[in-house]
Protein chains: 2
Amino acid sequence: MQTGKTVESGRSVKPTRKRRKMQSVTMMDVAARAQVSPSTVSLYLRKPDAVSVSASESIAKAIQALSYVPNLMAGGLAAASSRAVSIIVPSVRNAFFAETVATMQAELGKQRLQVLLGHTEYSEREEENLVRMALSWAPAAIVLTGLSHSNATRKLLQESRVPVVEIWELGSEPIEMAVGFHHEQVGRSAAAHLVQRHRRNLVFLGARLQEDRRAAHRAEGFIEEARKVAGVTAEIIQHPAPSSAEVGAMLLGETMRKFPQVDGIACSNDHVALGVIFECQRLGIEIPGRLSVVGFGDLSFSAASNPSLSTIRPSGDLIGTEAARLILERIAHGGERTPTIIDTRFTLLHRQSS
Amino acid sequence: MQTGKTVESGRSVKPTRKRRKMQSVTMMDVAARAQVSPSTVSLYLRKPDAVSVSASESIAKAIQALSYVPNLMAGGLAAASSRAVSIIVPSVRNAFFAETVATMQAELGKQRLQVLLGHTEYSEREEENLVRMALSWAPAAIVLTGLSHSNATRKLLQESRVPVVEIWELGSEPIEMAVGFHHEQVGRSAAAHLVQRHRRNLVFLGARLQEDRRAAHRAEGFIEEARKVAGVTAEIIQHPAPSSAEVGAMLLGETMRKFPQVDGIACSNDHVALGVIFECQRLGIEIPGRLSVVGFGDLSFSAASNPSLSTIRPSGDLIGTEAARLILERIAHGGERTPTIIDTRFTLLHRQSS
DNA sequence: TGCCGCAATAATAGCGCTACGATCAATTTT
DNA sequence: AAAATTGATCGTAGCGCTATTATTGCGGCA
């Protein structure tokens with residue numbers, strides 16, 4: 001029995017140079033078993049309609065029998081583009097982004113696209129790293145959070161041909177496509193609502209506004225809208241820590257000290273608002289009698305709180321489905337940059353706290 | 001001006017057969033500019049210490065100048081393993097898993113490993129799909145949630161040589177490595193704590209116990225431990241919807257109707273407990289005077305609630321760091337299956353609600 | 001009758017990189 | 001002084017697949 005190494009001839013003994021690792025079952029194996037060429041198997045996998053019924057059947061059978069798992073890296077290398085979509089968010093710890101990421105994963109998964117996840121932790125530098133890493137995968141698309149990025153990030157993206165979707169924010173010029181809403185309008189709505197509820201001394205409670213530019217925009221919109229109304233005062237009280245109920249409670253205390261006449265509060269988000277509600281309970285401040293409270297996010301607890309929390313719902317899932325849809329269309333039409341902006345809006349939910 | 005197609009010779013005009021797509025700058029370009037061979041560039045990128053200082057410098061310079069982005073698919077194909085780690089969780093909408101995923105991404109990212117994310121939505125069938133998709137990327141490791149999987153999933157994983165880490169649960173035999181804790185012990189701790197607080201009529205409020213087997217284990221441990229004590233009663237009240245404050249409020253109502261003598265409650269998690277707290281406020285039930293409440297999760301609001309919530313903290317971030325550490329070590333030692341079990345434990349936080 | 005068009009399939013040349021040896025100089029050991 | 005060891009670098013054959021072109025078989029039409 002020969003090992004088959006040097007069957008060639010007696011002359012020059014080939015030194016049996018290289019060997020390589022491999023994956024157990026390849027497309028070639030499937031082709032052999034199905035009695036067709038590898039090309040046909042590949043075609044069957046990518047465009048099943050272009051293959052005859054009989055061939056399809058035997059290929060399907062072979063795949064089943066061998067339990068063949070395609071190698072996406074080989075495919076991606078050959079096609080110069082992978083079945084991965086890179087989604088870069090500040091953090092999935094944040095329920096907003098978790099919602100969008102989960103929705104997108106579900107939508108993209110239907111088309112057998114995989115999600116590559118990255119967290120910037122609100123750092124543009126980190127975002128740039130993540131974009132660079134993402135690009136090494138030749139992803140089918142890249143999803144970024146927000147519209148402000150470092151110049152290098154923007155350049156990297158522009159020079160690549162990868163579809164780009166920016167989510168959770170509208171306002172300035174997107175790189176290519178954008179799905180989100182205007183945060184400063186959220187602030188305006190909150191202010192308008194409180195004014196309409198006859199509140200005159202308003203305060204916005206902000207957490208980590210330095211990093212969370214979108215929250216900062218909400219704050220700005222809030223102040224601007226409030227101050228348009230005669231007789232209304234509006235201030236921002238903030239804390240550098242990430243938003244949480246604890247920070248909310250703290251900020252309420254500070255507010256009562258600095259602006260005891262306050263009668264309307266809007267919060268960075270519902271976590272902060274929840275802290276406000278608890279602290280008011282402890283301090284004996286009646287909501288909404290003495291103080292109206294509006295949150296942002298409509299988190300899972302907001303409807304069940306006591307009192308139930310008036311809030312602004314941004315629909316992170318809609319952002320996810322729309323972003324996924326754009327990506328899928330863009331891939332199907334596989335074309336050039338296609339500037340698109342989708343405004344997913346938001347809804348003010350008027351509940352007991354205002 | 002020639003197009004450069006047939007410069008070769010006049011004899012046989014090469015038919016200019018194939019063309020192919022490409023990436024602008026390749027490792028060859030870097031090598032050429034740095035005056036070294038492609039192998040050296042590759043080596044520099046993978047094991048910088050094995051390359052001389054002078055070579056390193058010129059390569060670094062070339063990479064910089066050309067703003068070279070390596071093609072990870074080509075690399076992965078050649079190496080038969082990619083720089084991606086597949087993490088499969090029920091859903092990142094769940095704060096527990098979001099925490100772990102975020103932590104792992106941060107830890108793995110330091111070693112330039114990317115996270116491929118998948119959501120099972122508590123379906124073993126879906127998990128199987130995700131594992132199959134994950135394997136087509138020849139990932140550096142696969143992370144699964146929990147210990148119960150379909151037989152096919154188990155088989156797929158066992159037959160591959162991919163490192164596997166199961167997180168968030170201990171108890172039965174893991175596929176390879178496991179990082180988590182015993183949920184049934186969590187239930188026991190909650191029961192023991194309530195008994196110690198002189199509670200005698202206990203109820204466990206559960207959400208979606210059918211799907212969330214880990215929560216079901218907590219419930220079982222709770223009941224078992226409670227009933228060991230003479231004179232103590234323990235029941236489970238549950239709802240098929242995912243856990244939320246709303247469900248918690250609803251379940252408390254049901255509990256008061258069915259077991260008006262209840263004086264101690266443990267919850268599926270802090271969301272449910274939060275709903276209980278709010279509903280008790282509405283019904284005028286005093287916590288902890290009339291009723292003690294214990295949650296699970298120590299979510300962001302739990303310390304700030306009114307009353308502050310006694311709860312059991314599972315440290316999802318520790319699970320993340322430990323899982324990441326195992327993966328990194330396993331990759332470094334690049335060896336065989338290495339059965340390892342890490343118990344990350346949990347902490348009971350005694351606060352005002354009990 | 002012969003040629004064209006079309007549908008289905010096959011042959012082939014890489015995609016960009018890594019790993020395996022081989023090479024070559026500079027030491028160190030005998 | 002010759003041999004053995006070491007450290008740094010190079011040459012090259014694939015990894016498994018896709019895209020492009022080439023080929024085949026078949027009915028329709030001039």
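Chain A is the first sequence line, chain B the second, and so forth, proteins listed ahead of strands; every chain is numbered from 1. The structure displayed is predicted, hence computed values, not measured ones.
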- With DNA chain D as reference, determine whether B:Ala74 or B:Gln35 sits nearer its 5' end, using the nearest nucleotide of each. B:Gln35
- Any idea which of D:dC10, D:dT9, D:dC17 is nearest the B:Val36 side chain? D:dC10
- Take atom CZ of B:Arg46 as the centre, draw a 6.0 Å sphere, and report whether it contains more than 12 heavy atoms from other residues, nucleotides or ligands. yes
- Message: Measure CE/A:Met73 against P/D:dT18 and give the value in whole Å, please.
- Response: 13 Å
- What is the distance, rounded to the nearest whole Å, between atom CG of A:Leu45 and atom C1' of D:dC17? 10 Å
- Query: Contact class for A:Pro70 vs. all strands (heavy atom < 4.0 Å): base, sugar-phosphate, or nothing?
  - Reply: sugar-phosphate
- Pair B:Glu121 + B:Arg93, salt bridge at N-O below 4.0 Å: yes
- Query: Would you say D:dC10 has OP1 or OP2 under 4.0 Å from some side-chain N or O of B:Thr40?
  - Reply: yes
- Message: With a 4.0 Å limit, can you tell me whether A:Arg46 has a side-chain N or O closer than that to the phosphate oxygens OP1/OP2 of D:dC17?
- Response: no
- Message: Is it the case that the side chains of B:Glu166 and B:His149 hold a donor-acceptor pair, with the cut-off being a distance below 3.5 Å and no angle test?
- Response: yes
- What integer distance in Å separates B:Asp49:CG from D:dG7:P? 13 Å
- Query: Is the distance from OP1 or OP2 of C:dA19 to the nearest side-chain N or O of B:Ser42 less than 4.0 Å?
  - Reply: no
- Note on the structure: Atom NZ of B:Lys47 and atom P of C:dT18 are separated, to the nearest Å, by 11 Å
- Choosing from C:dC17, C:dT9, C:dC15, which nucleotide comes nearest the side chain of A:Leu43? C:dT9
- Between A:Trp137 and A:Ser86, do the side chains contain an N or O donor and an N or O acceptor separated by less than 3.5 Å? no
- Query: The side chain of A:Leu77 lies closest to which of these nucleotides: D:dG16, C:dT18, D:dC17?
  - Reply: D:dG16
- Message: Between B:Ser150 and B:Thr153, is there a side-chain donor-acceptor contact under 3.5 Å, judged purely by atom types and distance?
- Response: yes
- Query: CE of B:Met27 versus P of C:dC15: gap in Å, rounded?
  - Reply: 15 Å
- Atom-to-atom span, CZ of B:Arg83 to P of D:dC15 - whole angstrom: 22 Å
- In whole angstrom, what separates A:Met28's CE from D:dT18's P? 14 Å
- Query: Just wondering, more than 12 heavy atoms not from A:Arg125 lying within 6.0 Å of its CZ?
  - Reply: no
- Task: Using only side-chain N and O atoms of A:Ser39, determine if any of them is under 4.0 Å from OP1 or OP2 of C:dA10.
- Result: no
- Respond yes when some side-chain nitrogen or oxygen of A:Ser37 is under 4.0 Å from OP1 or OP2 of C:dA10, and no when none is. yes
- Which part of the nucleic acid, if any, lies within contact of B:Leu72, taking any heavy atom under 4.0 Å across all strands shown: a base, the sugar-phosphate backbone alone, or nothing? nothing
- Calculate the interatomic distance between A:Asn71 atom CG and D:dG16 atom P; express it in whole Å. 7 Å
- Item | B:Ala78, nearest nucleotide to its side chain (from D:dC17, C:dC17, C:dT9) | C:dC17
- Which nucleotide sits closest to the side chain of B:Ala79: C:dA19, D:dT18, C:dC17? C:dA19
